[in-house]
Amino acid sequence: MVISLNTPATEEALLVPYPAMADVPHELVEHVSWLLYEHRLARNTRWRKLGCSKQALLTLVHLRKNEMFSQLGAGFGISQATAWRYVDETLDVLASWAPGLHEALTGLGEGDHVIVDGTLIPTDRIRADEPYYSQKHRKHGMNVQVIARQDGTPLWFSRATPGRTHDLTAARAHGIVQARLTRQILVLADRAYQGAGATFRTPHYHHREQPQHYQQFNRAHARLRAPGERAFAQLKSWRLLRRASCSTRRIGTIVQAIHTLLTCDYRG
């Protein structure tokens with residue numbers, strides 16, 4: 001009798017722990033460990049299967065390498081369900097430290113400018129899930145907006161909305177348009193944000209058919225907006241967000257958690 005290697009009877013036997021490396025700084029692991037330690041103190045947690053340091057490393061490996069919970073559990077000597085619960089808890093702790101929109105814009109005012117852009121976090125949804133299908137990117141995913149400094153440093157990431165959401169609609173829903181009006185901040189954005197208001201600067205359509213100064217404006221605009229791509233590059237350096245297989249309701253929390261990791265001062 002031949003038994004397939006994919007049967008439930010042999011599934012556990014295939015999960016063999018092995019030494020591996022994760023390209024995250026040791027200081028970052030310690031920083032997340034301290035956040036978890038404070039969280040456990042607040043909840044009066046007395047005992048856990050993994051200590052704070054191991055739980056922090058578990059979560060960072062999951063975000064960085066996008067390994068399945070069954071693989072993570074085998075590597076850390078815990079069950080799949082426990083691995084999921086620990087990662088979920090850590091993400092909530094990290095997301096709670098991410099700045100809100102008005103907090104992120106503190107210190108900015110008239111004369112300053114920021115970069116606003118949107119990206120799609122790809123998901124493994126099927127074509128029948130119409131709200132998550134982006135016609136622009138020709139794939140399923142979740143729309144995330146970013147506000148970045150002039151050098152591309154992310155100031156704020158929005159919660160995730162279904163992929164078919166237009167960038168301008170998302171910016172209005174998240175309060176970006178209202179926030180920049182209050183502070184009179186100049187915003188550099190692409191053509192998707194045309195109609196957002198006076199302080200938004202977007203490229204001209206059909207600029208090659210327009211006077212020379214239109215073309216010069218578009219070139220200068222593109223140069224100033226280019227660093228904004230760094231914010232999304234940093235976000236997607238965490239492999240989990242290159243193709244998310246989790247619930248779409250958790251993607252916003254994951255983005256907020258990674259924002260905390262990108263901006264926390266763990267060297268201080």
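Side chains are part of it too, since the values below use all heavy atoms of this structure and drop only hydrogens, waters and symmetry mates. Worth saying up front: this structure is predicted, and the values here are computed from it rather than measured. The first residue of the sequence shown is numbered 1, and numbering continues consecutively from there.
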Side chain to side chain contact (heavy atoms under 4.5 Å, CB included) between D92 and H39, intermediate numbers included: CA-CA 10 Å; D92 284 334; H39 174 71; over 6 Å; no

Taking it one step at a time, do L262 and W238 satisfy side chain to side chain contact (heavy atoms under 4.5 Å, CB included)? CA-CA 10 Å; L262 292 174; W238 300 83; 3.8 Å; yes

Intermediate values then yes/no, side chain to side chain contact (heavy atoms under 4.5 Å, CB included), R48 and R40: CA-CA 10 Å; R48 292 288 186 91; R40 292 187 183 187; 3.5 Å; yes

Would T119 and V146 count as a side chain to side chain contact (heavy atoms under 4.5 Å, CB included) here? Give the steps. CA-CA 8 Å; T119 191; V146 66; over 6 Å; no

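No side-chain heavy atom of R230 sits under 4.5 Å from any side-chain heavy atom of P154. Side-chain contact check for F69 versus I78: every heavy-atom pair is 4.5 Å or farther apart. Using a 4.5 Å heavy-atom threshold, the side chains of L91 and L63 count as touching. Contact annotation: the side chain of I121 approaches that of L235 to within less than 4.5 Å [non-hydrogen atoms, C-beta and beyond]. Taking 4.5 Å as the limit, some side-chain heavy atom of L36 sits within range of a side-chain heavy atom of V93. In this structure, R85 and K49 have side chains that are not in contact, with every pair of non-hydrogen atoms separated by 4.5 Å or more. For the pair E103 and L155, the minimum side-chain heavy-atom distance is 4.5 Å or more. In this structure, the side chains of L101 and I147 come closer than 4.5 Å at one or more pairs of heavy atoms.
In this structure, W34 shares a hydrophobic cluster with Y37, L41, the cluster being traced through Ile, Leu, Val, Met, Phe, Trp and Tyr side chains under 4.5 angstrom apart.
By the salt bridge (Lys or Arg N to Asp or Glu O under 4.0 Å) test, R223 pairs with no residue at all, sequence neighbours left out. With sequence neighbours excluded, the residues that form a salt bridge (Lys or Arg N to Asp or Glu O under 4.0 Å) with K136 are D167. In this view, R149 satisfies the salt bridge (Lys or Arg N to Asp or Glu O under 4.0 Å) rule with no residue, not counting sequence neighbours. Under the side chain to side chain donor-acceptor pair (under 3.5 Å) criterion, Y193 pairs with Q145, sequence neighbours left out. In this view, H26 and E30 satisfy the side chain to side chain donor-acceptor pair (under 3.5 Å) rule, not counting sequence neighbours.
Taking CG from L240 and CD1 from I254, the interatomic distance works out to 4.5 Å, rounded to the nearest 0.5 Å. Between the CG atom in L60 and the CD1 atom in I258 there is a gap of 10.0 Å [rounded to 0.5 Å]. In this structure, T82 OG1 and L72 CG are separated by 12.0 Å, a value rounded to the nearest 0.5 Å. Interatomic distance, H213 NE2 to Q215 CD, rounded to the nearest 0.5 Å: 10.0 Å. Here the straight-line distance linking atom CD1 of I185 with atom CD1 of I176 works out to 11.0 Å at 0.5 Å rounding. The OG1 atom of T260 sits 8.5 Å away from atom CG of L35, with the distance rounded to the nearest 0.5 Å.
Smallest separation of non-hydrogen atoms from W97 and E38: CZ2-OE1, 4.3 Å. The nearest pair of heavy atoms linking S70 to Q80 is CB-OE1, 3.6 Å. Across all their heavy atoms, A148 and A231 have their closest contact at CB-CB, 4.3 Å. Counting all heavy atoms, side chain and backbone alike, R191 lies closest to T202 at CA-CB, 4.5 Å. Heavy atoms only, all atoms of each residue included: Q234 and G152 are closest at NE2-O, 4.0 Å. Here the closest non-hydrogen pair linking A196 and L168 is CB-CD1, 3.6 Å.
With a 6.0 Å radius and a threshold of 12 heavy atoms from other residues, nucleotides or ligands, K54 has its NZ atom at or below the threshold.
T123 places no side-chain N or O within 3.5 Å of a backbone atom of A244 that could act as its donor or acceptor partner. With hydrogens and angles ignored, the 3.5 Å screen pairs no side-chain donor or acceptor of T169 with any backbone N or O of T165. Here the side chain of H221 pairs a donor or acceptor atom with the backbone of A189 at under 3.5 angstrom. Under a 3.5 Å cut-off, the side chain of Q256 and the backbone N or O of F157 do form a donor-acceptor pair. H62 contributes no side-chain N or O that, together with a main-chain N or O of M68, makes up a donor-acceptor pair within less than 3.5 Å. Side-chain atoms of N143 do not come within 3.5 Å of backbone N or O of H166 as any donor-acceptor pair. No side-chain donor-acceptor contact under 3.5 Å links Q150 to the backbone of I115.
For K65 and D23, the salt-bridge test fails: no basic side-chain N is under 4.0 Å from an acidic carboxylate O.
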